[in-house]
Asker: 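Supplied in structure tokens, the structure appears directly below.
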Amino acid sequence: MSTTPSPGPTAVPTPRSAGEPDAATLARTAEQTAGALLAPAAPHRLADVVPAPRQVQPDPTADWTLPAEAVITSSADPAALAVAEQLAQLLRPATGYPLPVTDATTPEPAGGIALVLDGSADLGAEGYRLDIATDGVNLTAATAAGLHYGVQTLRQLLPAAIESSTPVTERWVLPGGTITDAPRFPYRGAMLDVARHFFAVEDVLRVVDHLARYKLNHLHLHLTDDQGWRITVDSWPKLTSIGGTTEVGGGPGGHYTKADYARIVSYATARHVTVVPEIDLPGHTNSALVAYPELAPDKIAPPPYTGTEVGFSYVDPADERTYDFVADVLGEVAALTPGPWLHIGGDEAFKVKGEVYTGFVERVQRIVADLGKTVVGWHQLAPAAHLDGRVLQWWGTNGEDSTTVEAVRRGARLIVSPGNHAYLDMKYAPDTPIGHDWAGLIDVRKAYDWDPGTHVPGVPTEAVLGVEAPLWTESVTSLADIELLLLPRLPAIAELGWSPRASHDWADFRDRLAGQGPRWTAAGITFHRAPEIPWPTGPALPAPRDASLETTFDR
Ligand code: TNX
């Protein structure tokens with residue numbers, strides 16, 4: 001924490017010299033004047049990061065201010081350069097600085113930010129080391145992913161105004177010291193249900209941004225459900241032309257073309273987020289049955305469904321045509337999927353029981369394996385035979401689950417999404433305007449205070465691949481709704497996935513989380529002002545740059 005006292009309200013003198021100063025001189029004068037007046041220089045500590053870093057060594061003598069002429073250098077590797085360019089894009093709007101990006105073959109200019117890929121650095125596949133010193137910033141990682149995570153940390157260490165989309169006058173100080181960081185779990189995700197309500201590509205990209213900000217690395221898209229089918233399948237075109245035209249509440253629905261979907265995947269990939277597509281089978285399939293009645297057990301098209309009940313629909317497990325359908329759909333989805341996972345749902349197929357259900361799942365699991373992908377499914381898959389690598393997504397609300405424990409004993413790994421802690425569609429409080437409460441209310445503390453590593457009794461931490469926060473969208477109709485339910489709980493789940501268990505501390509988390517509020521405000525992001533979080537009061541942003549010439553600073 002800087003000890004520089006705040007100067008308080010002070011009038012900035014209007015610069016006047018012989019002749020009219022040009023715009024550049026005016027801007028520079030304003031910046032210097034403001035730089036001298038704005039304080040405190042480093043309003044937060046090196047440890048004020050969400051999720052909490054593994055190791056933080058502050059050096060209060062080593063604060064560094066980003067100069068207007070700073071250059072970002074990067075190892076010549078294209079993926080590292082891409083991270084460097086993203087860093088520049090994050091910093092340019094608010095600073096107004098040019099921040100050119102160059103590869104490391106050019107001599108490193110003094111006082112810049114250097115991104116260094118160093119395979120010999122003992123930082124793991126996703127770790128990084130961030131050194132902030134008086135002569136500049138060095139970010140080191142073994143992979144571009146590690147650099148990306150270091151950039152997210154660096155971003156949070158700058159003043160909140162860095163989130164502004166237009167230039168503001170601010171001293172862009174980073175607190176000095178070293179952060180050495182790496183995640184606890186390899187799988188850290190969130191799910192967006194685009195089936196109950198459809199969301200435009202732009203909305204999904206914005207969700208990817210929120211994930212990336214908190215070092216989450218998987219976006220699970222729930223692409224199909226009773227109320228709508230959202231992804232083009234060329235070999236079964238009516239899935240979208242008919243099945244895609246409905247949603248909860250009777251709205252128009254919609255679907256992603258393959259080009260749309262590829263755009264989501266490439267945007268996510270560039271932010272080190274792996275997309276996990278889910279085709280929910282054999283239940284949750286009414287929209288497919290409307291389009292193709294031949295898949296229905298009675299071969300009669302059901303009416304389109306726009307309500308919110310679950311568990312009534314299923315594709316016919318006794319008809320070979322169903323397996324052609326599954327193979328075609330999963331084949332086309334796999335072809336759009338660079339990541340290793342294919343999620344096959346499996347939840348709430350109440351009308352497909354016992355051996356018929358497990359037989360169906362076992363066939364679908366083999367189809368996935370033959371496509372070279374790894375099966376993920378809701379934990380209802382547990383009784384089906386094990387298949388190498390298989391991952392179960394556990395969404396229970398009661399820790400006891402002997403069927404899942406047995407599946408883990410046979411080799412399954414677990415993604416933990418407890419309905420009563422990680423479900424982002426649960427209300428925060430009785431007066432939350434949207435959301436459910438079937439798994440209880442989830443305030444921020446409830447979202448934070450549990451341990452994915454030990455949550456399911458009998459499942460060892462080594463079998464836990466990670467954690468995921470699902471957002472079901474029966475009651476969610478807009479981007480603002482999505483953000484209201486995501487923030488501030490998504491960072492809580494992100495911290496459970498990333499930070500070492502030893503750092504788990506509600507009071508400390510609450511204070512660090514509070515510091516995110518002004519960032520969201522500055523970025524125009526909706527969030528729930530949870531009453532248990534000490535959100536800072538006062539303006540989120542300093543004055544816009546132009547106004548700094550004649551305005552009064554009141555900070
Ligand atoms: C249960 S969780 C479901 C979803 C609903 C959700 C509402 C799970 C695997 N299935 O179909 O949307 O509850 O919270």
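As the structure lists them, so they are numbered: ligands from 1, and atoms in each ligand from 1.
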Asker: So for ligand 1, is Trp395 a polar contact partner (N or O within less than 3.5 Å, distance only)?
Answerer: no
Asker: Under a plain distance cut-off of 3.5 Å, with no hydrogens placed, do Lys351 and Ser313 share a side-chain donor-acceptor pair?
Answerer: no
Asker: Can you find a heavy atom in the side chain of Ser499 that is under 4.5 Å from one in the side chain of Arg184?
Answerer: no
Asker: Looking at atom 11 (O) of ligand 1, what's its closest protein heavy atom, distance included?
Answerer: Arg196 NH2, 2.9 Å
Asker: Please list the nearest protein heavy atom to atom 10 (N) of ligand 1 with its residue and the distance rounded to 0.1 Å.
Answerer: Asp347 OD2, 3.0 Å
Asker: How about Thr153 and Tyr128: does a side-chain donor come under 3.5 Å of a side-chain acceptor?
Answerer: yes
Asker: Please list the nearest protein heavy atom to atom 2 (S) of ligand 1 with its residue and the distance rounded to 0.1 Å.
Answerer: Tyr423 OH, 2.4 Å
Asker: Can a non-hydrogen atom of Gln393 be found less than 4.0 Å from any atom of ligand 1?
Answerer: no
Asker: Among Glu247, His222, Gln227, His197, whose side-chain contact (heavy atoms from CB on, under 4.5 Å) with Thr473 holds?
Answerer: His197
Asker: Please state whether Gln380 comes within less than 4.0 angstrom of ligand 1, counting heavy atoms only.
Answerer: no
Asker: Does any N or O atom in Glu348 lie less than 3.5 angstrom from one in ligand 1, N or O only?
Answerer: yes
Asker: Less than 3.5 Å between some nitrogen or oxygen of Asp193 and one of ligand 1, yes or no?
Answerer: no
Asker: Check whether Phe198 forms a cation-pi arrangement with Arg230 (NZ or CZ under 6.0 Å from the six-membered ring centre, at most 45° off the ring normal).
Answerer: no
Asker: Give the atom numbers and elements of ligand 1 that come within less than 4.0 Å of a heavy atom of Trp438.
Answerer: 7 (C), 13 (O), 14 (O)
Asker: Establish, from distance only, whether the side-chain atoms of Asn420 and Trp450 form a donor-acceptor pair under 3.5 Å.
Answerer: no
Asker: Classify the side-chain pair Gln393/Asp347 by whether it contains a donor and acceptor separated by less than 3.5 Å.
Answerer: no
Asker: Whether Arg54 engages the ring of Tyr149 as a cation-pi pair (distance to the six-membered ring centre under 6.0 angstrom, angle to the ring normal within 45°) should be assessed.
Answerer: no
Asker: Check whether the side chains of Asp328 and Trp236 place a donor and an acceptor atom closer than 3.5 Å, and report yes or no.
Answerer: yes
Asker: Give yes if a backbone or side-chain nitrogen or oxygen of Trp378 is under 3.5 Å from a nitrogen or oxygen of ligand 1, and no if not.
Answerer: no
Asker: Counting from 1, what ligand 1 atoms have a heavy atom of Glu474 closer than 4.0 Å?
Answerer: 5 (C), 7 (C), 12 (O)
Asker: Distance under 4.0 Å to a non-hydrogen atom of His436: what atoms of ligand 1 satisfy this?
Answerer: 7 (C), 14 (O)
Asker: At less than 4.0 angstrom from any non-hydrogen atom of His284, what atoms of ligand 1 do you find?
Answerer: 11 (O)
